[in-house]
Amino acid sequence: MHCESLIKRRKSRQIMVGNVPVGGDAPISVQSMTNTETTDVAATVDQIKRIQLAGADIVRVSVPTMDAAEAFGEIRKQVTIPLVADIHFDYRIALRVADLGVDCLRINPGNIGREKRIKAVVDKARDLNIPIRIGVNAGSLEKDLQKKYGEPTSDALVESALRHVEILDELNFNNFKVSVKASDIFMAVAAYRKLATLIEQPLHLGITEAGGLRSGTVKSAIGLGALLMDGIGDTIRVSLAADPVEEIKVGWDMLRSLKIRSKGVNFIACPSCSRQNFDVIKTMNDLERRVEDITVPLDVAVIGCVVNGPGEAKEADLGLAGGTPNNLIYIDGEPNQKLTNENLVDNLERLIRAKAAQKQARLDDDAKNIIAKA
């Protein structure tokens, strides 16, 4: 399963969030947001590190008060991943976190206050080369737009976004990205599709307040998947009422499924039936838990019988086809060895890790050759 993605990306301007490029031809980045109290520095730092370990490129932190801003400064000193500060209403908080090393400001210029205050934030962002994210949400549209449209709509989201874009344009500031989020999939998708034709800045994708782990994953996969397949989107955040680490896992699963970006093990597994020669479901549950620390891209097929097993296994980096009396392992498309059901998961984990190490060594050698030729 090594074919390249057929998706043609929308062309957008590139900005830098810390050391992570967003937009242009940069890989689509994956991000999440802490849900600890920001003033609890230790808890927030611990969560950020767990989110980063799961594969995040960027982490957002809510900064609602000046006390939280000071805590943000301490957090910034203790983590290496780019941090976005989520700020509303008080422009002084934006100015403070800018001085404390923030990598991006998530604001809506229109709710910062008078023009003088907006200009102060934009000038600070320009001086320190800090990008801004305009974040429009269906749940917090301006009152006049609520009155004009009667209820949140995709057109209302886009109109709100363009108002904020106009403010930054008038201040000659183009170092920004935009999001137009809604919990309704149709509304969000329509808004992003329309906005994508109207501006050149990168788009931050999300289905906001999507729900719990299962329902939110489904909603996000449908909405973000539709946009990503259209080539729309430069960075994604999956919003789940769950541990933020789960948001990163789901985000990576989306990108991996669409062959946009690869990281870790991509499992191809059958749903199991009475033909299975080993317990596929238990095997998969155990394997996913055991090898989630692997970061090298690897396709692994786990198929319970000989109907589809050999065909899928031959297309993967490593594949298991169930058989009687023994199961057959394929490596790089070729039969390699037979395994019994005894200690099957242990043996599969060993083979997967060996294959991952081999592939990582090859990638490292390729990178060294590229540097040597440069």
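Values below: all heavy atoms of this structure, side chains included; hydrogens, waters and symmetry mates excluded. This is a predicted model, so every value here is computed, not measured.
Ion pairing between Glu209 and Lys181 fails under the 4.0 Å rule for side-chain N and carboxylate O. The residues Asp365 and Arg362 are annotated as not salt-bridged, no charged nitrogen and carboxylate oxygen being separated by less than 4.0 angstrom. The residues Arg126 and Asp123 are annotated as salt-bridged, a charged nitrogen and a carboxylate oxygen being separated by less than 4.0 angstrom.
Side chain to side chain, Thr34 and Arg60 fail the donor-acceptor criterion of an N or O pair below 3.5 Å. Counted by atom type alone, Ser12 and Asp234 present one or more donor-acceptor pairs between their side chains at under 3.5 Å. A donor-acceptor contact closer than 3.5 angstrom is absent between the side chains of Asn277 and Asn327. A side-chain donor-acceptor contact under 3.5 Å links Glu142 and Ser160. A side-chain donor from one of Asn35 and Gln47 sits under 3.5 Å from a side-chain acceptor of the other. Using modelled atom types and a 3.5 Å distance limit, the side chains of Thr36 and Thr44 yield a donor-acceptor pair. No side-chain donor from either of His88 and Asp90 sits under 3.5 Å from a side-chain acceptor of the other.
Residues that satisfy the salt bridge (Lys or Arg N to Asp or Glu O under 4.0 Å) test with Glu349, not counting sequence neighbours, are Arg290, Arg353. Taking the side chain to side chain donor-acceptor pair (under 3.5 Å) definition, one finds that Glu200 meets it with Arg13, sequence neighbours left out. Under the rule for a side chain to side chain contact (heavy atoms under 4.5 Å, CB included), the partners of Val307 that lie at least two apart in sequence or sit in another chain are Arg275, Cys305. The side chain to side chain contact (heavy atoms under 4.5 Å, CB included) search around Ser272 returns Gln276, Val280, Ile281, not counting sequence neighbours. For Asp184, the salt bridge (Lys or Arg N to Asp or Glu O under 4.0 Å) criterion is met by no residue, not counting sequence neighbours. With sequence neighbours excluded, the residues satisfying side chain to side chain donor-acceptor pair (under 3.5 Å) with Asp364 are Gln360. Taking the side chain to side chain donor-acceptor pair (under 3.5 Å) definition, one finds that Glu159 meets it with Lys148, Tyr149, sequence neighbours left out. Qualifying side chain to side chain contact (heavy atoms under 4.5 Å, CB included) partners for Ala210, counting only residues two or more places apart in sequence or in other chains: Ile207, Lys219, Ser220. Asp103 is linked by a side chain to side chain donor-acceptor pair (under 3.5 Å) to Arg76, counting only residues two or more places apart in sequence or in another chain.
Put simply, the side chain of Ser215 never gets that close to the backbone of Gly211: no donor and acceptor are under 3.5 Å apart. A donor-acceptor pair under 3.5 Å is absent between the side-chain atoms of Ser32 and the main chain of Val59, judged by distance alone. When atom types are taken as modelled, the side chain of Tyr192 and the backbone of Val180 share a donor-acceptor pair closer than 3.5 angstrom. Side chain of Lys359 to backbone of Pro297: a donor-acceptor contact under 3.5 angstrom is found. In this structure a side-chain-to-backbone donor-acceptor pair under 3.5 Å is missing from Asn343 to Asp346. Without hydrogens or angle criteria, Asn266 side chain to Asp299 main chain gives no donor-acceptor distance under 3.5 Å. In this structure, the side chain of Asp230 does not engage the main chain of Ile232 through any donor-acceptor pair within 3.5 Å. Without hydrogens or angle criteria, Trp252 side chain to Ser262 main chain gives no donor-acceptor distance under 3.5 Å.
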Atom pairs and distances, side-chain donor-acceptor, residues 17-30, under 3.5 Å, sequence neighbours left out:
residue	atom	partner	partner atom	Å
Ser29	OG	Thr235	OG1	2.7

With a cut-off of 3.5 Å and sequence neighbours excluded, list every side-chain donor-acceptor pair involving residues 331-338.
residue	atom	partner	partner atom	Å
Asp332	OD1	Lys355	NZ	2.9
Asp332	OD2	Lys355	NZ	2.7

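Follow the hydrophobic side-chain contacts under 4.5 Å out from Leu198 and you reach Val136 in the same cluster. Neither Leu53 nor Ile248 shares a network with the other; the hydrophobic side chains, linked directly or stepwise wherever heavy atoms of I, L, V, M, F, W or Y lie under 4.5 Å apart, form separate groups for each. A chain of hydrophobic side-chain contacts below 4.5 Å, direct or via other Ile, Leu, Val, Met, Phe, Trp or Tyr residues, connects Val265 to Val345. Following chains of ILVMFWY side-chain contacts shorter than 4.5 Å, one can reach Val300 starting from Phe278, so the two form part of one hydrophobic cluster. A chain of hydrophobic side-chain contacts below 4.5 Å, direct or via other Ile, Leu, Val, Met, Phe, Trp or Tyr residues, connects Leu227 to Leu240.
Hydrophobic cluster membership for Met33: none, as no Ile, Leu, Val, Met, Phe, Trp or Tyr side chain comes under 4.5 Å of it.
Ala68 and Thr38 get closest at one heavy-atom pair: O-CG2, 3.8 Å. The two atoms that bring Ile15 and Pro131 nearest to each other are CD1-CB, 3.9 Å, heavy atoms only. When all heavy atoms are compared, the tightest approach of Ser179 to Arg133 is OG-NH1, 2.6 Å.
Rounded to the nearest 0.5 angstrom, Asp317 CG and Gln358 CD are separated by 9.5 Å. Put simply, CD1 on Ile51 and CD1 on Ile81 are 8.0 Å apart, with the number rounded to the nearest 0.5 Å. Summarising the geometry, atom CG belonging to Leu351 is positioned 5.5 Å from atom CD1 belonging to Ile329; distances are rounded to the nearest 0.5 Å. With values rounded to the nearest 0.5 angstrom, Asp155 atom CG is found 10.5 Å from Leu162 atom CG.
Around CD of Glu37, the count of heavy atoms belonging to other residues, nucleotides or ligands within 6.0 Å does not exceed 12.
Considering Gln201, Arg163, His164, Lys177 as possible partners of Ile134, the one that fulfils the side-chain contact (heavy atoms from CB on, under 4.5 Å) test is His164.
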